*Asks:* 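Encoded as structure tokens, here's the structure I'll be asking about.
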Amino acid sequence: MTRTELPALGPDGHLLHSDEWSEAVAERMAAQDGVELDAVRWWLIRFVRRHHLEYGTPPLMRVVVRAMREQGIVENASSRTLYRLFPDGPIGDACRYAGLPRPESCI
Amino acid sequence: MPDYIALVRSTSSSLPLPAGRADAPAPTRYPGCLVFLHGDGVGVHDDVAGSAARVHVCRTSWRRRFGERAPDGRCVESSLAILFSALRGASRLDSFGLGGSACSRAGPDRDGANTGLLIELGFAPQSDRAGIEALELVLAAAALGVPARVLFTGAGERHLTGPDARGWRQLTDFDLLPLYVSEPVLARDHAAPAKPLDTAGVLRLRAKSRLLLLA
């Protein structure tokens, strides 16, 4: 794999093999989507990745929003804040760039 | 908004089928009822489709078992958000789950004093998938801000042990929903801290809950 190639992706756009993830891979996936991974997006991606590692599921949106406020990432953060970061679904997209499977639950 | 909800979470539920039989139970004969199929319960969709009740099928549970094939057109693909939204206005909830019997009932108290939902897990997960789907049900309540408590009784305590049990810990780590366990025997192996209750404590918890949902 060259520096510009991506590991194999599934039909849902998520990595087929999570162990092929790296921050450089995430950057390439985002660049392909025309998305710039700024500091706030990176905070979300890392938060989701840590949560999945710890609990086996992605975080609930209310958990992310609370952490965002408590850590002073975005003042007055809300679910709207998250949708501004990833309009197609903040947790799902963060999982994708974090090398995690697509969230299954229909919550 | 349905007044009566029947949650079906097992193919071995006691929900007598088919719905057209004269001795069919209230859930499938009652036009005001919402029958929600979740987990293994989606397996009975053919039997309840076309009954008088509105039949909703959990999309995630369905896709795990049947892939992209659509359910019977008489069923509505649905989500746990719809279930919990409907629960707000329901005065009765019956769960048809493991054990082959109707195993929960709604508290009739709607005077405003007892407004919480008690999600009670009284059976060990029958598979990894069943454990995950029970957790998803509870996480959905947490995600939607439903005032709920979670009680593990008997073999239900097994949800808190084993490699997949760590998911329950997020409920207490992030103060999402309180967890209780009735007379724990496996407390040392719990992946999430649950408050132990004696029999009197369990009865008090049930008494102050408006709806009891057995998952």
Side-chain angles (χ1 to χ4, degrees), chain A residues 9-14 16 18-19 43-74 76-83 85-86 88-96 98-107, chain B residues 36-39 42 56-68 71 76-85 125 128-129 131-148 159-160 162-177 191-192:
Chain A
L9 303 178
D12 54 12
H14 290 244
L16 277 180
S18 288
D19 56 356
W43 177 88
L44 176 59
I45 291 165
R46 291 180 183 126
F47 185 88
V48 166
R49 196 172 159 81
R50 272 197 309 272
H51 191 284
H52 198 281
L53 196 66
E54 180 79 17
Y55 303 105
T57 67
L60 300 183
M61 201 169 316
R62 60 182 283 200
V63 168
V64 178
V65 168
R66 194 194 302 166
M68 207 171 224
R69 286 181 190 158
E70 286 173 357
Q71 295 178 31
I73 305 302
V74 174
N76 299 321
S78 67
S79 56
R80 196 175 292 180
T81 311
L82 299 182
Y83 274 98
L85 298 173
F86 294 120
D88 291 339
I91 304 299
D93 274 359
C95 281
R96 201 160 73 80
L100 302 170
R102 187 172 69 93
E104 281 194 318
S105 176
C106 58
I107 295 169
Chain B
F36 192 95
L37 307 181
H38 180 253
V42 299
H56 284 227
V57 178
C58 170
R59 187 180 303 118
T60 304
S61 303
W62 177 271
R63 287 189 179 162
R64 282 185 182 131
R65 289 160 181 81
F66 303 108
E68 294 302 313
V76 178
E77 276 196 73
S78 192
S79 72
L80 291 168
I82 300 292
L83 172 69
F84 282 106
S85 171
D128 290 348
R129 186 164 68 184
I132 289 166
E133 288 176 337
L135 175 62
E136 284 175 352
L137 191 78
V138 172
L139 285 175
L144 298 164
V146 175
H159 284 277
L160 293 174
D164 291 326
R166 61 193 167 130
W168 293 96
R169 205 172 61 243
Q170 62 191 293
L171 293 161
T172 49
D173 283 357
F174 298 106
D175 290 326
L176 296 172
L177 296 178

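Since we're looking at a predicted model, the values are computed, not measured. Quick note on labels: first sequence line is chain A, next is B, and so on, each numbered from 1.
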*Asks:* Which residue in the set B:R59, B:R129, B:R64 passes salt bridge (Lys or Arg N to Asp or Glu O under 4.0 Å) when paired with B:E136?
*Replies:*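 Result: among B:R59, B:R129, B:R64, B:R64 is the only option passing the salt bridge (Lys or Arg N to Asp or Glu O under 4.0 Å) with B:E136.
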*Asks:* Under 4.5 Å from any heavy atom of chain A, what part of B:R63 do you find: side chain, backbone, both or neither?
*Replies:*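 Interface part for B:R63: neither.
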*Asks:* Does any heavy atom of chain A fall under 4.5 Å from the side chain of B:D175, the backbone, both, or neither of them?
*Replies:*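 For B:D175, heavy atoms of backbone and side chain both lie under 4.5 Å from chain A.
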*Asks:* List in chain and number order the residues that pass ring-ring contact (aromatic ring centres under 6.0 Å, His included) with A:Y55, two or more places apart in sequence or in another chain; answer none if no residue qualifies.
*Replies:*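 Scan of A:Y55 (ring-ring contact (aromatic ring centres under 6.0 Å, His included), adjacent residues dropped) gives A:H51, B:F174.
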*Asks:* With A:P90, which of A:L85, A:L82, A:V48 fulfils side-chain contact (heavy atoms from CB on, under 4.5 Å)?
*Replies:*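 Among A:L85, A:L82, A:V48, the one that satisfies the side-chain contact (heavy atoms from CB on, under 4.5 Å) with A:P90 is A:L82.
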*Asks:* Which answer fits B:A142, side chain, backbone, both or neither, if we ask what part of it has an atom under 4.5 Å from a heavy atom of chain A?
*Replies:*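 Both backbone and side chain.
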*Asks:* Could you have a look at B:R169, B:E133, B:Q170 and say which one has the most heavy-atom pairs with chain A under 4.5 angstrom?
*Replies:*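 Greatest number of close heavy-atom pairs with chain A: B:Q170.
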*Asks:* Apply ring-ring contact (aromatic ring centres under 6.0 Å, His included) to B:F66 and list each qualifying residue two or more places apart in sequence or on a separate chain.
*Replies:*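 Applying ring-ring contact (aromatic ring centres under 6.0 Å, His included) to B:F66 gives B:H45, B:W62.
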